[in-house]
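Beneath this line is the structure, given in structure tokens, with notes to follow.
Proteins get letters first, then strands, A, B, ... in listed order; numbering begins at 1 in each. Remember, predicted model here, so these are calculated numbers, not experimental data.
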2 protein chains.
Amino acid sequence: MKKQVQHTIKDVAAALGLSVSTVSRALNNHPHISQETKQRVQEVVEKLDYRHNALAASLRNSRSNMIGLIAPRITMYFQSTVITAIQNKLHEYGYNLMVCQSNDLPAIEKELVKVMYASRVEGLIVSSTLYTEDFSHFDIFNRANIPLVFYDRVPREYPAHKIQGDDYQGGYQTTRHLLEQGARQIAYITGPLSCKLYSDRYEGYKKALREFEVEPNDNLIFCHELNKENALQTCELLFADGTFPEAVFAGNDTTAVAVVQYAKERGIAVPAQLKVTGYSNDSRTEIIEPPITSVEQFPYEVGVQAATLMMELLEQNSKPGQNYISLTTPIELVKRQSSGL
Amino acid sequence: MKKQVQHTIKDVAAALGLSVSTVSRALNNHPHISQETKQRVQEVVEKLDYRHNALAASLRNSRSNMIGLIAPRITMYFQSTVITAIQNKLHEYGYNLMVCQSNDLPAIEKELVKVMYASRVEGLIVSSTLYTEDFSHFDIFNRANIPLVFYDRVPREYPAHKIQGDDYQGGYQTTRHLLEQGARQIAYITGPLSCKLYSDRYEGYKKALREFEVEPNDNLIFCHELNKENALQTCELLFADGTFPEAVFAGNDTTAVAVVQYAKERGIAVPAQLKVTGYSNDSRTEIIEPPITSVEQFPYEVGVQAATLMMELLEQNSKPGQNYISLTTPIELVKRQSSGL
DNA sequence: ACTTTCTTTGCAAACGATTGCAGGAATATT
DNA sequence: AATATTCCTGCAATCGTTTGCAAAGAAAGT
């Protein structure tokens, strides 16, 4: 309640009978400043509770040290792990992270892009909405030549750097595994196919079926947002008349868990009568009975890659090399009991 | 690759033959500016790809519109949900969130506080490290009269606003429930008791024991960081010589899950031979077999409260009312099979 | 016609740091 | 003793907005 005043570099300078430039340089550990002066500056700084104004510094040298991140929602295991990695990595480089959520709404995403732009982030890392098909609101970043990196939910065509798990392989290997376990009728529950990662996976699924000369059956394809409620509705359809497929390939673990629980309630034996797989390998898959086969995406590594790429782009940002980097990160099928292993 | 130049308000003014002040006011929708002028400004702004510089604006009116958040780690279900709520709420008020993780290391927390301070956040929301006992690094915020709100991992004595789940009740109700189910030897696995929330819970535990006239047994108290590895080690001790307690009150769900799985492997029936409860009510508790009794903390509401409080503090920030708010949010014991229900 | 009021705009000083350039003092070189 | 070199430090412009004050022109009141 006493000193409401915020001291500036000027006050520090005055207290020492120095100029502001000297103080500034001392604080930035400039080589031309004597050790003794630095020492004295440091003392006064602490005595006065001097608060560095990063805003002013940023304005002057147009470097905000801030990276923006837009994710659909940060509660999902995959997302929060990626963000954890990104934040840790950026911190190593002295960068801060401004985090926003689109809640899977394209309108909010659009608004957030503008906010980030005006906030002078030096780079933007994005996992887009499930429903973003028009990416033109990101144009401002491209035009201003500010690094733009997408991860996981990446655009299909839009010119930008992209880091995506190997969803084609994920879809392929999982399906192939189910086929090898003897299943032929494999129901496929997927998120919106407008989203690249889901369509990639779907391609993998079809490829595996072709290899086993299984005719795809449109009645077994279900496409909707992958939450518990939708999953249970789909189950109602799938198990309607007492008949059901030999396997369900669920697009995420929430869905796979719902399917397993639904089956258990109906007295359907997993994996004997019904094989189930999920995607993302979140912590629930290994504790449910039976444990669920799922696809590990190594989210922490994805995050490290995204942050590292961003840092590289910032270092050589003058370079106008127009070639966009497209990274595919490996996945690993984790086989568990639910698929018959 | 063409227009590297970033246009400023000055360019817009020049293009229109207006002054910068007029343009600034037009952009801020100032009432003294005619509709026609605003219209024309808007057009040129779009044509020139003008990018508002929030840094400069912040510097000028010393409002960064940024709130800082420091959490131990954002992957934990409880944390990511709280943060989700906070970010959504702040967005409603036009504020942005800068997120950092201490990784439960006091040294990093200390550093982050300084970074946030220099970044001119208008307020700081914190869930501290498990091991933070000295909170003096937060003094700079108090001295500068910048709102400081703790949640979940709140300090015991330190003067600041606090939002904490009702851990005393959580500990009490859970223990009482186990006692009512007939258990008398109740092992208690807790995080470091230096952390207020754990000691509050422990008090609740002891209170319930007293009410049932059960003598506390130090051999049943285990205190360590609550991860899977530690939990399994504790199990080794607890079940060493073939004997084991009637119940385990685990300090979080990760620990409870580990205990249940350990018991299952040893052929110990839960809840018949051993009752188990967890804490946080994360999604694993209801899908494991048997489902685990746990304590719902309503993390989304906690986040909303934290953000709302912060917004209130910012509005009446001139007010030097030194009374700190201490909110206790309700919890709910969710009874499931693992405790014998 | 003259004063008053209202609307719309411009001038110029902040905000707090950084940095190129120049200059003074101290030391080394010839 | 004079010059060159090195080491520190200061001056002042700059980053891009915002905003108090003043003023010009139009409209209105008497």
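Rounded to whole angstrom, the span from the CZ atom of R25(B) across to the P atom of dA22(D) amounts to 14 Å. Rounded to a whole Å, the CG atom of L16(B) is 13 Å from the C1' atom of dT9(C). The distance from atom NE2 of H30(B) to atom P of dT17(D) is 18 Å, rounded to the nearest whole Å. Rounded to whole Å, the distance from CG on L59(A) to C1' on dC15(D) is 4 Å. Atom CD1 in I9(B) sits about 8 Å away from atom C1' in dG16(D), given to the nearest Å. Rounded to whole angstrom, the span from the CG atom of N53(B) across to the P atom of dT18(D) amounts to 9 Å. Atom pair L27(A):CG and dT18(C):C1' shows a separation of 12 Å (rounding to whole Å applied). Atom CD of Q35(B) is separated from atom P of dT9(C) by 11 Å (rounded to the nearest Å).
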For this session: Take I125(B) and I86(B), measure what side chain to side chain contact (heavy atoms under 4.5 Å, CB included) needs, and give me the verdict at the end.
Result: CA-CA 9 Å; I125(B) 303 178; I86(B) 291 177; 4.0 Å; yes

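Residue L18(B) places its side chain closer to dG10(C) than to any other of dT19(D), dG10(C), dG16(D). Looking at the side chain of T8(A), the nearest of the listed nucleotides dT18(C), dG10(C), dA17(C) is dA17(C). For A57(A), counting side-chain heavy atoms from C-beta on, the closest listed nucleotide (dG10(C), dG16(D), dT18(C)) is dT18(C).
Interface remark: the R60(B) side chain does not form any donor-acceptor pair with the dG16(C) base, using a distance-only criterion of under 3.5 Å. With hydrogens and angles ignored, no donor-acceptor pair under 3.5 angstrom links the side chain of R120(A) to the base of dG16(D).
Residue N61(B) places no side-chain N or O under 4.0 Å from the OP1 or OP2 atom of dC15(C). Put simply, T22(B) has a side-chain N or O that comes within less than 4.0 Å of OP1 or OP2 on dG10(C). The side chain of S19(A) contributes an N or O atom lying less than 4.0 Å from OP1 or OP2 of dG10(D). The phosphate of dT9(D) (OP1 or OP2) has a side-chain N or O of S34(A) nearer than 4.0 angstrom. Taking only side-chain nitrogens and oxygens, S21(A) never comes nearer than 4.0 Å to OP1 or OP2 of dT19(C). When the side-chain nitrogen and oxygen atoms of T37(A) are compared with OP1 and OP2 of dT9(D), one or more of them lie within a distance under 4.0 Å. One finds a side-chain N or O of N28(A) lying less than 4.0 angstrom from the OP1 or OP2 phosphate oxygen of dT18(C).
Checked by atom type and distance alone, the side chain of S119(B) pairs as donor or acceptor with a backbone atom of V115(B) at under 3.5 Å.
Under a 4.0 Å N-O distance rule, the pair E92(A)/K89(A) qualifies as a salt bridge.
S127(A) and Q79(A) share a side-chain donor-acceptor pair at under 3.5 Å.
Using the six-membered ring where Trp is involved, F135(B) and F150(B) have ring planes that are perpendicular, over 60° apart on the 30 and 60° scheme.
Residue K110(A) places its NZ atom among 12 or fewer non-hydrogen atoms of other residues, nucleotides or ligands, all under 6.0 Å distant.
In this structure, R63(A) reaches neither bases nor backbone, as no heavy-atom distance under 4.0 Å exists between it and the strands shown.
Of the two residues near DNA chain C, S62(B) and V20(B), the one whose nearest nucleotide lies more 5' is V20(B).
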